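Report on the following structure.
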Amino acid sequence: TDHIRGAINVTSPRPSTSKEFALELAKVAGVRAVIPIPGFALRIVFGEGAQVLTASQNAAPWKLMDSGFEFIYESLQDAFEEELHPEAVEVKRLKSRGNQKSIGVPKNHRGCYQLTSSVILKSTAETTFEFFSAPPNLALSTPSWVGFHIKKLPEEMMKGSEIEYRIKLGPFSMNWRSVISVWEPGESFVDYQQDGPYSLWNHEHVVLDHGVGRCVVKDVVTYNLPFGLIGRIAHFLFVKKLLIRIFGFRRRVMQMRFN
């Protein structure tokens, strides 16, 4: 706002200790926090840098609070719920393994899972489409821990254009090559994985008008994993959770960029 001047503490209005942070995260994630890390162990690993983790940094955003700033997440639980279980991102197992109303999926490929996500933005459909259909902006809407790195870009986006990039899953790097199988400027496009970690990945990007100066962005991803039973177990244990976090992050980037 115009009436705030000087430095601002961009922190939570409710500071917490590391212990409170860890316990709340474990609660929302559905795991147990059992063994604490002693201070001397941190000093062995990080040296003097351990003070950053063990010393108090009890900073409060007094200027923002006094100005009446409304925080989206006032508590740790609310923030963790949005990060780990965003309500607007859903993954379901498809009952009939076929195209399931998915645009761009080849007839000889079968989808096993479908992820859907949507967000309303304060931007026109045309402006929003231009932003998200530009390949360089893919990195902006992808978490840094995915290690997203573009290797090859087309000179112009159109049907048949190919994009090559690399991602990371823990210590493992994987190459990914997608082709634009559907291109409807200003409305939608579909990128289809030709080479990559999934046996099927078909991502529909749809931008629709939603009143004056507003639009709704929808993502529909129909996908499948290789290796049969092993792939289904991997999906249950961590792949589904990773995808929900990635697309939850993508929604938040859209909201910060346009809202």
Side-chain angles (χ1 to χ4, degrees), residues 1-91 115 117-123 131-132 137-148 168 170 214 216-217 219 238 240-259:
T1 59
D2 295 335
H3 63 277
I4 297 179
R5 294 290 185 272
I8 299 174
N9 289 331
V10 186
T11 59
S12 167
R14 299 180 183 178
S16 63
T17 65
S18 293
K19 181 178 180 180
E20 292 169 342
F21 185 96
L23 291 176
E24 190 63 43
L25 176 59
K27 177 182 176 182
V28 175
V31 298
R32 296 183 62 186
V34 180
I35 303 175
I37 301 177
F40 74 86
L42 293 174
R43 288 192 291 273
I44 292 174
V45 176
F46 298 105
E48 294 183 359
Q51 293 182 357
V52 177
L53 300 175
T54 58
S56 174
Q57 300 183 46
N58 189 11
W62 296 115
K63 285 188 179 181
L64 292 177
M65 296 167 68
D66 292 341
S67 69
F69 181 84
E70 296 183 4
F71 291 83
I72 298 177
Y73 311 114
E74 292 194 0
S75 69
L76 277 175
Q77 180 178 354
D78 293 339
F80 286 145
E81 287 288 354
E82 175 62 22
E83 172 66 22
L84 300 177
H85 311 294
E87 294 182 358
V89 181
E90 180 185 9
V91 174
L115 179 148
S117 173
S118 64
V119 60
I120 297 175
L121 303 176
K122 297 178 183 178
S123 173
F131 180 84
F132 286 104
N137 291 332
L138 286 173
L140 298 178
S141 56
T142 305
S144 59
W145 48 266
V146 175
F148 183 88
K168 286 185 178 180
R214 297 166 71 90
V216 58
V217 177
D219 292 285
F238 62 89
K240 176 181 176 180
K241 297 175 183 178
L242 286 176
L243 291 177
I244 289 175
R245 287 191 63 192
I246 290 171
F247 278 83
F249 178 88
R250 177 181 169 86
R251 290 187 71 255
R252 291 191 295 276
V253 168
M254 293 184 197
Q255 291 170 326
M256 289 188 290
R257 172 65 176 78
F258 293 102
N259 290 356

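Computed from heavy atoms alone, side chains included, the values below leave out hydrogens, waters and symmetry copies. Note that this is a predicted model, so its numbers are computed, not measured.
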Q: Mark yes when over 12 heavy atoms from residues, nucleotides or ligands other than Ile8 sit less than 6.0 Å from its CD1; otherwise mark no.
A: yes
Q) Would you find more than 12 non-hydrogen atoms of other residues, nucleotides or ligands less than 6.0 Å from Lys63 atom NZ? A) yes
Q | side-chain contact (heavy atoms from CB on, under 4.5 Å) between Ile246 and Trp145, intermediate numbers included | A | CA-CA 10 Å; Ile246 290 171; Trp145 48 266; 3.7 Å; yes
State, yes or no, whether a side-chain contact exists between [X] and [Y] at a heavy-atom distance under 4.5 Å.
X	Y	value
Phe69	Pro13	no
Ser118	Val217	no
Arg214	Phe258	no
Ile37	Leu42	yes
Arg250	Asp219	yes
Val89	Phe249	no

What is the minimum heavy-atom distance between [X] and [Y], and which atoms define it?
X	Y	answer
Ser12	Pro61	O-CD, 3.3 Å
Thr142	Leu138	OG1-O, 2.7 Å
Asn9	Ala60	ND2-O, 3.0 Å
Phe131	Asn137	O-ND2, 2.7 Å

When rounded to the nearest 0.5 angstrom, what distance separates [atom1] in [X] from [atom2] in [Y]?
X	Y	atom1	atom2	answer
Phe247	Arg252	CZ	CZ	13.0 Å
Ser141	Arg251	OG	CZ	13.5 Å
Ile244	Ser117	CD1	OG	10.5 Å
Glu20	Arg14	CD	CZ	12.0 Å
Ile120	Met254	CD1	CE	12.5 Å
Phe148	Leu140	CZ	CG	10.0 Å

Q. Looking at residues at least two apart in the chain, or sitting in another chain, which of them share a side chain to side chain contact (heavy atoms under 4.5 Å, CB included) with Pro36?
A. none
Q) By side chain to side chain contact (heavy atoms under 4.5 Å, CB included), which residues pair with Ser144, not counting sequence neighbours? A) none
Q.
Give me each pair satisfying ring-ring contact (aromatic ring centres under 6.0 Å, His included) with a member in residues 26-58, each pair once, sequence neighbours excluded.
A. none
